[in-house]
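Read the structure below first, then the notes.
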2 protein chains.
Amino acid sequence: MPTLQDVAEKAGVSTATVSKVLSNTPYFTEKTRRKVMHAVEELGYAPNLPARALSGGKTHIIAVTFPYVYEAIFTDPLVLRILEGIETECTQRGYNILLSTPLLSADGPDEHYLNLIRSGYVEGVIAIDNVPLASAFEPVKKRGIPGVVLGYHTGDYFVRSDDVSGGLQMMNHILGLGHRKIGIISVPEVLHFSIYHRLEGMRRAAERAGLNFDDLPKANGDFSVNSGEKCAAQLLSEYRDITALICLNDRMAMGAIRHAHEKGRHVPDNLTIVGYDDIPMAGSFEPPLTTIDQQAPEMGRASARMLFEVLDNKKPAPIHVPTHLVIRQSAAPPV
Amino acid sequence: MPTLQDVAEKAGVSTATVSKVLSNTPYFTEKTRRKVMHAVEELGYAPNLPARALSGGKTHIIAVTFPYVYEAIFTDPLVLRILEGIETECTQRGYNILLSTPLLSADGPDEHYLNLIRSGYVEGVIAIDNVPLASAFEPVKKRGIPGVVLGYHTGDYFVRSDDVSGGLQMMNHILGLGHRKIGIISVPEVLHFSIYHRLEGMRRAAERAGLNFDDLPKANGDFSVNSGEKCAAQLLSEYRDITALICLNDRMAMGAIRHAHEKGRHVPDNLTIVGYDDIPMAGSFEPPLTTIDQQAPEMGRASARMLFEVLDNKKPAPIHVPTHLVIRQSAAPPV
DNA sequence: AAGCAATAGTTTATGGCTTAACTTCTTTAA
DNA sequence: TTAAAGAAGTTAAGCCATAAACTATTGCTT
């Protein structure tokens, strides 16, 4: 691999000059610039990043962490979409993405993760931090590494999906269609901050419409299709007058729809069922699912942009990425 | 951040000794080992990876590339499962994963990717390389960086899904159920090597059963649910005696099932429809999809293990990861 | 024309680690 | 007893790029 040295020799200047030209530090002539660039081209030179990192502290690596606390990480389509957004911004700025999946337990993250954080590789961190139980962000803060949290853990800088307004939009939509007997299929709130906020949004919408949110029938699943099916079975048999089911993710909605179909109820003519997330499959489900789009790629992009601001010593304000109600065909007025 | 220097001073030995102890190079006593380890603990020392990389060439970073050639990358669940497998192996060995999504065009990969490959960061590469049009592996080879291809591009070392046997298993299953009028919903072969091999497997199974594979009705979609629906519509209207549809991915199968339902045909009683991939949704679709599991996590793990062998100067043999036929409820004997 | 500032470039120390070469000390064998 | 081998450490030379400190040149002001 050619080094700065080689370039300098070929161009007939010192390494310092080459370094200046490449980093665009002032004080060189157009002529030397051309000489240097020419040598760079000829040799196919690219800066040695470890050396640059050692010398200047800029590693051009940011770590994206998503905690390995439940199976969902590697099957959750949101993760990939978020990554997509982060990737876009990072590539633009010449940064590389290091993937990190800390194993969070009661006594903190695993050793490998800790070593990474201490390794000097990581110039900044985007932590996808959504579960209250543990945070991968602690060690980052401790080391003084610039970081942005994507989720609800406390950090100075964070990006969140506007879960409250997501819940609000959905509940408003359902209420607007005329439903009043509404069942909620959720998951235990303590497991996910975001769920708490979505429910909060729904509560506001419900109360604005004069409904007591706490009186609405509820059941807790675990995000899976099967749990959605079970919850739907439970709610629909216990509260026979329910005309709409709001599910806190798409997969449970799909399970609920399956149950409805089995019971011979047509969605949406006979029962309204909606989801949350807008996973890739949602649009081509039968019926196509009315749901909430969290704009995962935009969350990724926003968090990356925020991180770069922090790296530039700015103090960016928190961002709440707006949600979008995606109206398809699983919701209709009650009969 | 504490350095080797600090550890050496605290332990009362030279930096070289500390380095030896940490890298387990022979010639030190148990006593010094304990002194050193104690100092390491006290200071919370972790090696500076850029420095180590600069000095010893070992960066402890492997790059995983998946080419950004069509929309699928960031929505394809397989990618994430593969990543999962790679992650498992890498973490075990103290390696970090750098995510890279080269933009492949006619005149080669983009500049950012090239810079990464030349940057000295990358100790090894796992290239998810499935499209014939272009390869992200070229520049890796050129630089002499150890690499493993996950897919069909030529490299000395590669891991592949055993697509031929996947196709064979599926066709055998369908034939075994008694179907003879079988429609195939595929995608243009030139776009994906793996498709070519799956079809080849099907051909073998068909011919072994005395069927002329070329005579079977076929239609090409583009992997999407909608295209599956269209292809099904086309095939079923054109060839009214079809009793089974084999789709080359699950999403198209789901589209096909939707079409069948719309036409009032029950799956599987009235029509058999199967997919390929076993995406997370497949098991909870209605009906649950009979499909082929490619064992993506295992492919990831295998490729990582192979890469580590290459890094150890071994010459691992190619691996064909076996496929599994997942029998659910979308296939039944013809009526 | 002198003096000074700005420009253009070079020299060199530095960052943290590894490793080859070297020194010192302990074993072991003849 | 002594030489040679082996073990346990140390010294110091890199690895490559950056940036502070320095020299040399040019341009401008008065």
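Order of the sequence lines sets the chain letters (A, B, ...), proteins ahead of strands, with each chain counted from 1.
- Evaluation of atom-type donor-acceptor distances gives no pair under 3.5 Å for the side chain of Thr32(A) against the base of dG9(C).
- In this structure, Asn24(A) places its CG atom 13 Å from P of dA8(C), rounding to the nearest Å.
- Position along DNA chain D of the nearest nucleotide to Val13(B) versus Asn48(A) favours Val13(B) as the more 5'-ward residue.
- Ion pairing between a basic and an acidic side chain is recognised when a charged N comes within 4.0 Å of a carboxylate O; Glu89(A) and Arg305(A) show such pairing.
- Mapping Gly56(B) and Gly12(B) onto DNA chain D by nearest heavy atom places Gly12(B) at the nucleotide closer to the 5' end.
- Checking dT19(C), dT7(C), dT18(D) against the side-chain heavy atoms of Tyr27(A) singles out dT7(C) as nearest.
- Residue contacts shown for Pro50(B) are absent, as no nucleic acid heavy atom lies under 4.0 Å away.
- Rounded to whole Å, the distance from NE2 on His60(A) to C1' on dT18(D) is 12 Å.
- Protein atom CE of Met1(B) is 8 Å distant from nucleotide atom P of dG16(C), rounded to whole Å.
- When distances are taken from the side chain of Ala51(B) to each of dT12(C), dT18(C), dG16(C), the shortest belongs to dG16(C).
- The distance between atom CD of Gln5(A) and atom P of dT12(C), rounded to the nearest whole Å, is 13 Å.
- What you find for Arg118(B) and Ala46(A) is that their closest heavy atoms are CB-CB, 3.4 Å.
- Sparse packing is recorded around CD of Glu41(B), with 12 or fewer heavy atoms of other residues, nucleotides or ligands lying under 6.0 Å away.
- Take the nearest nucleotide of DNA chain C for Thr15(A) and for Leu4(B): the residue whose nucleotide is more 5' is Thr15(A).
- Residues Thr59(A) and Tyr121(B) approach most closely at O-OH, 2.6 Å, considering heavy atoms.
- Here the side chain of Thr29(A) is nearest to one of dA19(D), dC17(C), dG9(C), namely dG9(C).
- Glu9(B) has its CD atom 13 Å from the C1' atom of dG16(C), to the nearest Å.
- Contacts of Pro26(B) with the nucleic acid, taken as non-hydrogen atoms under 4.0 Å apart, are absent.
- Here dG15(C) is the nucleotide among dG15(C), dA7(D), dT10(C) with the atom lying nearest to any side-chain atom of Leu54(B).
- Between Ser55(A) and dT18(D), a side-chain N or O to OP1/OP2 separation shorter than 4.0 Å is absent.
- Looking at heavy-atom distances under 4.0 Å, Thr3(A) makes contact with sugar-phosphate atoms alone, never a base.
- Minimum atom distance to the side chain of Thr17(A) is reached by dG9(C), of the listed dG9(C), dG9(D), dT18(D).
- Which of dT18(D), dT11(D), dG14(D) sits closest to the side chain of Ala16(B) comes down to dT11(D).
- Rounded to whole Å, atom P of dC16(D) lies 18 Å from atom CZ of Arg52(B).
- Taking each heavy atom of Thr29(B) and Thr32(B) in turn, the nearest pair found is O-OG1, 2.8 Å.
- Remark: the backbone N or O of His60(B) is paired with a side-chain donor or acceptor of Glu123(B) at under 3.5 angstrom.
- Leu43(B) has its CG atom 15 Å from the C1' atom of dG16(C), to the nearest Å.
- Remark: P of dT19(C) and CG of Leu22(B) are 12 Å apart, rounded to the nearest angstrom.
- Within 4.0 Å (heavy atoms only), Lys20(A) reaches at least one base atom of the nucleic acid.
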